[in-house]
Amino acid sequence: MKKYIYLFLSVVFIFGIESCSVGKYKTTPEKKSFSKVEIETLIKNDDLNVRALELLDTIGITYLTSKGELGVYFKENLGLPKHMTEAFPIAIKHDTITPNFRALAITKKNAFGISIGAPALLFKLDVDAYKTNVVYQENHIKAFYDSMEFWNENEGIAIGDPTEDCMSVIITRDGGDTWNKLSCDVLPKAKEGEAAFAASDTNIAIIGDKTWVATGGKSSRILFSPDKGLTWQVYDTPIIQGLETTGMYSVDFYDEKNGFAIGGDYTKPDANLANKIRTADGGKTWHVVSDGVGPGYRSCVQYVPNSNAQQLVAIGFKGIDYSNDAGNTWTHLSDEGFYTLRFVNDSTAYAAGNRRISKLSFK
């Protein structure tokens, strides 16, 4: 197993990984709208359940599963040895614990995954050490981490449900070797029933040094840090909330001003009242859009790259939807269900969910 992990990380190191956090989108002339999506299944397995998915630049994609597996899908034109491409997925364990992964983050040299539930285990796949290490462990009975991202090669953040009277926020400043949990003294106080959802690993949006965290549940708000987690503010949102299953499930920012969040209530997936919200002032104020029309509950929303903050794709187990006017109106492109997606360019994305990972080509 160690040999295969080393091979994987060596390939990652050699080819490099594109960061999706800094300079995420460019402003270019608006591209043509989509009218359909073609879905190519890349991996299919009845035991597969994936909510943590990231791009590996020119290599392909990497993912973590709910059964503690690390997987990689290599692009066919890489010319890698067959034994290497067939080495995955790799089972990851800590003592007797099989981690249920819902979050994955990538830097140019390392991959990080954090498990849900107690104990919370944050794993680092280290090129230098040639092995998987647990670099952070939290044994609190309420520990439950939902999402993770990096600002740069050295600084990263993971967020989780409250264990005290604030959201759980852990931060690294040394490339992921050590992680420290922020005190509730520096974070906004959580409201009763406020938590987050480990549905698609898209609760955190980062543009430069700015960070937005979407909470959900009985209260669904935006936690905002302008300085990579040193200071925090909190903004209310008009998204549906009040129950443990309601609120924002996903947030994305096109630039420092334009952001979009989606969610709803996964127990009522067709309900589409107040489940889509938009901001144009960096998250300070939000407005409901497409109220009562368009998609109901969706677990992930992403801006289409190079679309001037106008084009969005939302996915969930009820299908794929597309907007070309900043979320005001939507077109239902497919009933095929997924949990999460990441765009490669302005017409291609990878999506993962229950039993499969697919390539989406938007036309």
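Side chains included, hydrogens not; waters and symmetry mates left out as well; all remaining heavy atoms used.
No hydrogens or angles considered: a donor-acceptor pair under 3.5 Å links the side chains of Asp201 and Ser147. In the model, Tyr254 has no side-chain atom that pairs as donor or acceptor with a side-chain atom of Gln310 under 3.5 Å. Residues Asp265 and Thr245 have side chains that bring a donor and an acceptor to within less than 3.5 angstrom of each other. Asn180 and Thr178 form no side-chain donor-acceptor contact under 3.5 Å, judged by distance and modelled atom types alone. Of the N and O atoms on the side chains of Asn258 and Asp255, at least one donor lies less than 3.5 Å from an acceptor on the other residue. Residues Asp227 and Ser225 have side chains that bring a donor and an acceptor to within less than 3.5 angstrom of each other.
Enclosure of atom NZ in Lys181 by more than 12 non-hydrogen atoms of other residues, nucleotides or ligands within 6.0 angstrom is indicated. Atom NZ of Lys36 is surrounded by 12 or fewer heavy atoms from other residues, nucleotides or ligands within 6.0 Å. In Glu244, the CD atom is not crowded: 12 or fewer heavy atoms of neighbouring residues, nucleotides or ligands sit closer than 6.0 Å.
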_side-chain contact (heavy atoms from CB on, under 4.5 Å), that's the test. Do Val304 and Val313 meet it? Break it down for me._
CA-CA 7 Å; Val304 178; Val313 171; 4.1 Å; yes
*Start with the C-alpha gap between Leu122 and Ile170, add the side-chain angles, then the distance that decides, and say whether side-chain contact (heavy atoms from CB on, under 4.5 Å) holds.*
CA-CA 10 Å; Leu122 197 162; Ile170 59 173; 3.8 Å; yes
_Intermediate values then yes/no, side-chain contact (heavy atoms from CB on, under 4.5 Å), Phe101 and Ile92_ = CA-CA 10 Å; Phe101 288 117; Ile92 298 173; 4.3 Å; yes
*Let me see the working for Phe362 and Phe343 under ring pair (Phe, Tyr, Trp, His ring centres under 6.0 Å), right down to the final yes or no.*
CA-CA 11 Å; Phe362 295 90; Phe343 272 95; 5.7 Å; yes
*asked:* Thr246 vs Tyr266, test: side-chain contact (heavy atoms from CB on, under 4.5 Å). Steps then yes/no.
replied: CA-CA 7 Å; Thr246 57; Tyr266 81 89; over 6 Å; no
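Counting only distance, with no hydrogens or angles, the side chain of Asp321 and the backbone of Pro295 share no donor-acceptor pair below 3.5 Å. The main-chain N or O of Ile206 is never found under 3.5 Å from a side-chain atom of Glu149 such that the two would form a donor-acceptor pair. Put simply, the side chain of Asn324 never gets that close to the backbone of Gln311: no donor and acceptor are under 3.5 Å apart. With Ser183 contributing its side chain and Val186 its backbone, the two residues share no donor-acceptor pair below 3.5 Å. The backbone N or O of Thr285 sits less than 3.5 Å from a side-chain atom of Thr279, completing a donor-acceptor pair. Formation of a donor-acceptor pair under 3.5 Å by the Ser220 side chain with backbone atoms of Gln241 is not found in this model. The main-chain N or O of Pro226 is never found under 3.5 Å from a side-chain atom of Lys210 such that the two would form a donor-acceptor pair. Under the 3.5 Å distance criterion, the side-chain polar atoms of Thr348 are left unmatched by any main-chain donor or acceptor of Asn345. Distance alone, capped at 3.5 Å, is enough to place a donor-acceptor pair between the Ser250 side chain and the Val301 backbone. In this structure, Ser200 contributes its side chain and Ser299 its backbone to a donor-acceptor pair below 3.5 Å.
Atoms CG and CD, on Asp281 and Glu256 in that order, are 12.5 Å from each other to the nearest 0.5 Å.
Ring geometry for Tyr297 against Tyr249 counts as perpendicular: the plane angle is over 60°, on a 0 to 90° scale with 30° as the lower cut. Ring pair Phe123/His94 is perpendicular by interplanar angle, where above 60° counts as perpendicular and below 30° as parallel. The aromatic rings of Phe150 and Trp179 sit perpendicular, their planes meeting at an angle over 60°, well past the 30° parallel limit.
Contacts of Arg355 classified as salt bridge (charged side-chain N to carboxylate O under 4.0 Å, His left out), with partners at least two apart in sequence or in another chain: none. For Arg278, the salt bridge (charged side-chain N to carboxylate O under 4.0 Å, His left out) test picks out no residue, with sequence neighbours left out.
Here Lys142 does not pair with Asp161 in a salt bridge; the nearest charged N to carboxylate O distance is not below 4.0 Å. Taking 4.0 Å as the cut-off between side-chain N and carboxylate O, Glu153 and Lys109 do not count as a salt-bridged pair. Note on Glu40 versus Arg356: no salt bridge recorded, every NZ/NE/NH1/NH2 to OD/OE distance being 4.0 Å or above. We find that Asp335 and Lys318 are not joined by a salt bridge, their nearest charged nitrogen and carboxylate oxygen being 4.0 Å or further apart. With respect to the salt-bridge test (charged N to carboxylate O, under 4.0 angstrom), the residues Glu54 and Arg342 qualify.
Taking both residues in full, the closest heavy atoms of Gly327 and Trp330 are given as O-NE1, 2.9 Å, listed atom of the first, atom of the second, then distance. The two residues Lys228 and Ile171 come nearest to each other via the heavy atoms O-CD1, 4.2 Å. Between Asn152 and Thr107, the shortest heavy-atom distance links the atoms O-CG2, 4.3 Å. Ile262 approaches Ala314 most closely through the heavy-atom pair CD1-CB, 3.7 Å. For Phe260 against Lys276, the heavy-atom pair with the smallest separation is CZ-CB, 3.9 Å. Thr62 and Ile106 make their closest contact through CG2-CD1, 3.7 Å (heavy atoms, listed as atom of the first residue, atom of the second, distance).
With contacts defined as side-chain heavy-atom distances shorter than 4.5 Å, the pair Asp346/Ser307 does not qualify. With contacts defined as side-chain heavy-atom distances shorter than 4.5 Å, the pair Ile204/Thr211 qualifies. For the pair Thr329/Ser290, no side-chain contact is recorded, criterion being any heavy-atom separation below 4.5 Å from C-beta on.
Sorted by first and then second residue, the pairs that involve residues 157-224 and meet disulfide (SG to SG under 2.5 Å), not counting sequence neighbours, are Cys166-Cys184.
Of the residues listed (Ile61, Leu55, Leu56), the one engaging Ile59 in a side-chain contact (heavy atoms from CB on, under 4.5 Å) is Leu56, and it is the only one.
Hydrophobic clustering (ILVMFWY, side-chain heavy atoms < 4.5 Å, transitive): Ile159 and Leu187 are in one cluster. Under the 4.5 Å side-chain heavy-atom criterion for Ile, Leu, Val, Met, Phe, Trp and Tyr, Ile315 and Phe34 are members of the same hydrophobic cluster.
For Phe253 and Trp212, the distance between ring centers is under 6.0 angstrom.
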